[in-house]
Amino acid sequence: MDNNYLNSLNNQQKTAVSHFEGPLLILAGAGSGKTKVLTTRVANLIFNKKCFGQQILCVTFTNKAANEMRERVLKLINNKSNAVPWLGTFHSLSNKILRKHAEAVGLKPNFTIIDTLDQIKLIRNILEAENIDIKQNPPKQILYNIDRWKNLGLVPSNVTLNKAEVEKAISLKIYKIYQEKLKMMNCVDFGDLILHCVTIFQKFDKIRKFYQNNFKYILVDEFQDTNFIQNLWLQLLVNDNKNICVVGDDDQSIYSWRGAEIKNILNFEKNFKNTKIIKLEQNYRSTKNILSAASSLISNNDSRHPKKLWSEFSEGDKVQIQSFSDGLQEAIFISDQIEKTLIKNTKLNNIAILVRAAFQTREFEERFIRIGLPYRIIGGLKFYERAEIKDAVSYLRLIKHTNDDLAFERIINQPKRSIGESSVKKIHEVARKERLSLFDASLHMIDNKIFKPKTEINVNNFVQNILTWKKISSEIDHVSLLEKILDESGYTQMLINERSPEAESRLENLKELRSSMKVYDNLDEFLENISLQTSLDEEWDGDKINIMTVHAAKGLEFEVVFLPGLEEGLFPHQKSIDDNGHAAVEEERRLAYVAMTRAKNNLFMLFANNRKFFGNKNVDDWMPSMPSRFIDEIDKEFIEITDNVINENNDFEFSQEIQVSSSKNSPGWLRMKKNIENKERVKSIAFCENFTNFTVGEGVKHEDFGEGKIIHIEGNKLLINFKKYGEKKVIDKFVMKLSAD
DNA sequence: TAACAACGCTTTTTT
DNA sequence: AGCGTTGTTA
């Protein structure tokens, strides 16, 4: 192996890579090459025979980051697959450890990891059983409280409520039952993965020492986003040599809502004596304009370590600030920009649209489908969270553990077996009284003739099927088992009978599930990993535009970045401000900073004057909006402002077909400014005049679309069937009556 | 019990 | 718009 890998590093990076003994804190600014440092450091440790690959614990924040890091490390050390087995996320590594010591916390090694939907369902069930009002105690809120306790390392018996927290008493009560239920079902949630590990490390010195001794070196990425329990997990694994290296950037801390504590990084040198601190301040990603714009924004935060990122790159284009009359115009601009200019020089893979909230992706999805640009939405709906996939997995789960009540309840009447709500409720009651799982309660009720005769036959068929499949599950492979179940349960037939496009795509998804299962050796292995799998799609295949939330974009970089929706209330998000005030604004600002610093060459920041919420059934769904404060906070030297607001009275459907370029005549930017000062509400489509002198059936002519006939009228908006263009919505003043002459 | 209509709430960010 | 919950009917 050649030693060139060190030569491509700058001095600070080299120091970081070559520091072997003792705690190391790397403060790495955005784009300063921290992944390179981490991967090279791992390789360097192995080259210098400081340890074996399997003695390195390397923790990343996402699976994506873990995969990328593994790939790069393996490349550096010559492709020995599985040479760094302990590289992964806190959750995946905890999963691995917990499988080995499950009994220590009263679980079987093949426990199931439940997802958020299951968590909420379980909490609902408990609330119902306890006769607690669901409306007054939303399961989501309770789940949030439980998660927070878990992030703080608190098991139910360790939670103490002060006077201000009386309202959490119900959550605490549920938490206790929730944990018991999970144990009974041999399930854990995401939080448990880490919490159980910590419990084991604390309770069993032998186990802890085993891992401490094994991990000669620990590396942690994105350290600014670790929370209390994750930090404790690390502290328990560090041995006396204190060879722990953490990398982070306080300006990129964006997970406080998940319990992330910046103080973990700020106090690191206090926790570990003789910490070596290295700052990486040279940026290798962005042009000077982008970097300066981002730096000027983040300098508005009070609580941060001042730092001076610098770049040897050219100035580049200024950051483009663009305003639009509504979200659709914004989407049209982005797609135009991509189609007209970018597509020539930039691969679609190098273009990203980063949004604050997931719902914003829809606007772009619709636009790209319409004009046929390939795109991918990352982290949207996860494959295994789809209904049909969860159903199929529930069958497998129930076969594996018949006391998995969540799985039981999900599929007992899916496909329909005429076992309705009331029957399920009865099973619940008996299960509670007899302290049985739903499955065993059903058997009990059959034996004791508690069901109505018809229901009994149906329930009996179901449980017998499950038992039969359970029996043969050890004889045939897991893929055949799934096929058999989908076939014999009537699930496939149910979808075929539906004859809808949705059902067809569900069948497709089940096929995909089937092929994805082949990657695993057996059913256990499949079930153990399915929940931690973010997506089974080959997400990064093909040349496509990337659409994702800013959170999901953490750690990634793109040639061109679009940031739509920079409006007060959306970015910064109102809910976050409501909940946490000033601290929240600072975190939102960091989020904007992360978003901006993803861009290498071109950065577009966009906002609309009117934003559509909750569909567009009626005009009330349109909300006037103001540009984000973050736009004002960026130093004007590095930005260029363009106003694309078309005549406000224009109909949004209609404007879809006009080119944006034709309209730079309205002083929208200045008007917006004025509106903010006067605190006036922006005039929006909602206030259009609401009458017209056209009638349904009348023939009309439109400048662009030619002749057509009115088929529906709503206020001053006409639905017209054009001869050439088909049905379109147009505002009345853009069409002329076709007079008899 | 199933099928369907009516209603109301949604959307912050994720392993 | 889309989903889950509630109410109505067969």
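Bear in mind that the values here come from a model prediction, so they are computed numbers and not experimental data. Every chain is numbered from 1, with letters handed out A, B, ... down the list of sequences.
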Measure [atom1]/[X] against [atom2]/[N] and give the value in whole Å, please.
{"X": "A:Y144", "N": "B:dT12", "atom1": "OH", "atom2": "P", "result": "12 Å"}
{"X": "A:K140", "N": "B:dT14", "atom1": "NZ", "atom2": "C1'", "result": "13 Å"}
{"X": "A:E588", "N": "B:dT12", "atom1": "CD", "atom2": "P", "result": "11 Å"}
{"X": "A:K121", "N": "C:dC3", "atom1": "NZ", "atom2": "P", "result": "17 Å"}
{"X": "A:K150", "N": "B:dT15", "atom1": "NZ", "atom2": "P", "result": "17 Å"}
{"X": "A:D115", "N": "B:dT14", "atom1": "CG", "atom2": "P", "result": "15 Å"}
{"X": "A:L117", "N": "C:dC3", "atom1": "CG", "atom2": "P", "result": "13 Å"}
{"X": "A:Y593", "N": "B:dT13", "atom1": "OH", "atom2": "P", "result": "24 Å"}

Donor-acceptor contact present, side-chain [X] to main-chain [Y], <3.5 Å:
{"X": "A:Q329", "Y": "A:D326", "answer": "no"}
{"X": "A:D192", "Y": "A:L195", "answer": "no"}
{"X": "A:R598", "Y": "A:A352", "answer": "no"}

Can you figure out which of [options] approaches the side chain of [X] most closely?
{"X": "A:S418", "options": "B:dA2, B:dT13, B:dT14", "value": "B:dA2"}
{"X": "A:K416", "options": "C:dG2, B:dA3, B:dT14", "value": "B:dA3"}
{"X": "A:S423", "options": "B:dT12, C:dG2, B:dT1", "value": "B:dT1"}
{"X": "A:W257", "options": "B:dT12, C:dG2, B:dT13", "value": "B:dT13"}
{"X": "A:F190", "options": "B:dT12, B:dT11, B:dT15", "value": "B:dT15"}

request  = List in numerical order all residues of residues 88-95 of chain A for which some heavy atom is under 4.0 Å away from an atom belonging to DNA chain B.
outcome  =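 When residues 88-95 of chain A is checked for heavy atoms under 4.0 Å from DNA chain B, the hits, listed by number, are A:T89, A:H91.
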
Return no unless some side-chain N or O of [X] is found under 4.0 Å from OP1 or OP2 of [N].
{"X": "A:T549", "N": "B:dT14", "value": "yes"}
{"X": "A:T62", "N": "B:dT15", "value": "no"}
{"X": "A:N413", "N": "B:dA2", "value": "yes"}
{"X": "A:R124", "N": "C:dG4", "value": "no"}

request  = Return each pair, listed once, that meets ring-ring contact (aromatic ring centres under 6.0 Å, His included) where at least one residue sits in residues 110-139 of chain A; pairs must be two or more places apart or across chains.
outcome  =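 Passing the test, one end in residues 110-139 of chain A: no pairs.
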
ask   = How long is the gap from OG on A:S92 to CD1 on A:I113, to the nearest 0.5 Å?
value =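 Reported value, rounded in 0.5 Å steps: 9.5 Å.
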
key: Which residues share a side chain to side chain donor-acceptor pair (under 3.5 Å) with A:T62, sequence neighbours left out   =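 With neighbours one apart ignored, the set is empty.
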
message = Please classify the nucleic acid contact of A:H551 as base, sugar-phosphate, or nothing, using heavy-atom distances under 4.0 Å.
response =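 If one applies the 4.0 Å heavy-atom cut-off, A:H551 turns out to touch a base.
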
query = If each of A:K575 and A:T455 is mapped to the nucleotide of DNA chain B with the nearest heavy atom, which maps nearer the 5' terminus, i.e. the 5' end?
reply =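 Final value for this comparison: A:T455.
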
request  = Establish, from distance only, whether the side-chain atoms of A:Q574 and A:D578 form a donor-acceptor pair under 3.5 Å.
outcome  =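 Short answer, yes.
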
request  = Determine whether the side chains of A:N301 and A:Y593 contain a donor N or O and an acceptor N or O closer than 3.5 Å.
outcome  =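 No, because no side-chain N or O of A:N301 sits under 3.5 Å from a partner of the opposite role on A:Y593.
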
request  = Just jot down the side-chain contact (heavy atoms from CB on, under 4.5 Å) partners of A:N497, sequence neighbours excluded, or say none.
outcome  =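 If we apply the side-chain contact (heavy atoms from CB on, under 4.5 Å) test to A:N497, skipping adjacent residues, the hits are A:Q493.
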
Partners meeting side-chain contact (heavy atoms from CB on, under 4.5 Å) with A:I134 (sequence neighbours left out) =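 With sequence neighbours excluded, A:I134 shows a side-chain contact (heavy atoms from CB on, under 4.5 Å) to A:R124, A:L127, A:E128, A:P139, given in chain and number order.
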
At a cut-off of 3.5 Å, list every protein nitrogen or oxygen paired with a nitrogen or oxygen from nucleotides 6-10 of chain C, distance to 0.1 Å.
none

